[in-house]
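Notes for the one structure printed next.
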Amino acid sequence: MILKSLKSKFSKNYKKKNWPGLIEAYKKYLPVDKKTPIITLKEGNTPLIFSEKLSNLMGNNTKIYLKYDGLNPTGSFKDRGMTMAISKAKEEGCEAVICASTGNTSAAAAAYAARGGLKSYVLIPDGFVAQGKLAQALMYGAEVLSIKGNFDEALEIVRELSDKYPITLVNSVNPYRIEGQKTAAFEIVDDLSFAPDWLCIPMGNAGNITAYWKGFKEYSKKYKNLILPKMMGFQSSGSAPLVNNIVVKEPDTIATAIRIGNPVNRDKAKLVKKESGGDFQAVTDTEIINAYKFLAKEGVFCEPASAASVAGLIKNKNRIKKDSKIVCVLTGNGLKDPDCAIKNNDAIFQKNIEPSLKNISKKLGY
Ligand SMILES: *Cc1c(COP(=O)(O)O)cnc(C)c1O
């Protein structure tokens, strides 16, 4: 169903070059007012890319779109939540923020804290944070504590620290994070002029699936003919507490961004699944890597955790109804985790080549 009024309004008001950042663009829907200092790096307004290869693979006249949130300023959707969380922290007079992170939250927290002139502390699980993310946290000037434990243990500690000391917690238990992140759902509807039949999304702490659902529901109050999507959440089979309804003591997956055994938004996510008529499923690391490589062959490079949404889609091929419109959320940029890419690709990469025309022509098969 085409939402005409909405389409014309947004294409008129927000030509790409004038994009003001998501708080300014969607302030009517966000808990901000004139007193709120807006800390922004012009996040949001990320592309919704039609995937011809995936659409063909799914068949049945299905149209698959990729919401490429890896194009946010620090390379993941976490920027959407962080612009809100840091702006509100600043408004409330706080001077320092803290988070536990599998990497992307720390990168975003450090960047927005730097932008807003706040101190940031981050706790990360030693050895399980992708290189790019660690580089970001260090460069943006966070104080980084790498702990001999996993994400869930780190989160427990930062929750207590933020209760005891004047430090604002910016993990997705912070309600402003969800508020900022819901704008991704607005953007999808603004782009398509309808909501997709399915939204496929990876789940770690399940803040993002909660946020998208909130966004779709809020737009449906305004645009009464909006049909809400089924929310399809995917986890890695080695780290699938929501799929199996358990706590995973030692989560294990190549997709480090969703290596979480006890999601803080568990109850909210359950409600999303129920209200939307969606489903939660696990995909293996092999399926994740296959989807990761498949996407790159169409020119879209995301990080492994993001590819879980596409791995999940592919797994459900037989359940997709004819003419479906589906959005897969690509939560983070492939450059975040170069090690994973270098280890998992099918490229021809020849080394130690003598630099002569003759030799190279031969190597290339001419
Ligand atoms: C944080 C993150 C996730 C998981 O999001 P949740 O809100 O914790 O479910 C997925 N992919 C990437 C790249 C992330 O950084």
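Positions are given from 1, in the same order as the sequence printed here. Numbering of ligands and ligand atoms starts at 1, following listing order.
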Please write down residue, atom name and distance for the protein heavy atom closest to atom 8 (O) of ligand 1. N205 N, 2.8 Å
Show the atoms of ligand 1 that are less than 4.0 angstrom away from any heavy atom in M203. 9 (O)
Please state whether the rings of Y212 and F216 are parallel, tilted or perpendicular, taking 30° and 60° as the class boundaries. tilted
Does ligand 1 come near enough to S306 that some N or O of the ligand is less than 3.5 Å from an N or O of the residue? no
Any idea which atoms of ligand 1 are less than 4.0 Å away from a heavy-atom of G207? 6 (P), 7 (O), 9 (O)
If only side-chain N and O atoms count, and only distance matters, is there a donor-acceptor pair under 3.5 Å linking R259 with T102? no
With a cut-off of 4.0 Å, which atoms of ligand 1 are near a heavy atom of A305? 11 (N)
Sub-3.5 Å N/O-N/O distance, E303 and ligand 1: no
Starting from atom 5 (O) of ligand 1, which protein heavy atom do you reach first, and at what distance in Å? F77 CZ, 3.4 Å
Applying the 4.5 Å side-chain criterion to the ILVMFWY set and letting contacts propagate, would F294 and M232 be lumped into a single cluster? yes
Using only atom types and a distance under 3.5 Å, with no angle test, would you say the side chain of R177 pairs donor to acceptor with the backbone of A85? no
Pairing donors with acceptors under 3.5 angstrom, does anything connect the side chains of Q136 and K336? yes
Just to be sure I'm reading this right: ignoring hydrogens, which of P304, S172, G204, G70 gets closest to atom 4 (C) of ligand 1? Compare them by their nearest heavy atoms. G204
NZ of K315: more than 12 outside heavy atoms within 6.0 angstrom? yes
At a 4.0 Å cut-off, with the gap strictly under it, does some heavy atom of A206 reach an atom of ligand 1? yes
So the atoms of ligand 1 within less than 4.0 Å of a heavy atom of A257 turn out to be 12 (C), 13 (C), 14 (C), 15 (O)
Is ligand 1 under 4.0 Å from a heavy atom in the side chain of N208, in the backbone, in both, or in neither? both
Side chain to side chain donor-acceptor pair (under 3.5 Å) evaluation trace for S51 with E298: CA-CA 8 Å; S51 171; E298 201 178 9; 2.6 Å; yes
Would you say Q181 and ligand 1 have an N/O pair spaced under 3.5 Å apart? no
Any luck finding a side-chain donor-acceptor pair between S236 and D285 under 3.5 Å? yes
Min over K78, K336, R177 of heavy-atom distance to atom 3 (C) of ligand 1 lands on K78
Distance under 4.0 Å to a non-hydrogen atom of I258: what atoms of ligand 1 satisfy this? 3 (C), 4 (C), 10 (C)
Describe, in one word, how the ring planes of Y219 and Y26 are oriented to each other, choosing from parallel (under 30°), tilted (30 to 60°) and perpendicular (over 60°). perpendicular
Using the rule given for side chain to side chain donor-acceptor pair (under 3.5 Å), can you reason through Q181 versus N208, listing the C-alpha separation, both sets of side-chain angles and the distance that settles it, and then say yes or no? CA-CA 7 Å; Q181 286 169 211; N208 213 23; 3.2 Å; yes
The closest protein heavy-atom partner of atom 12 (C) of ligand 1 is T331 OG1, 3.2 Å
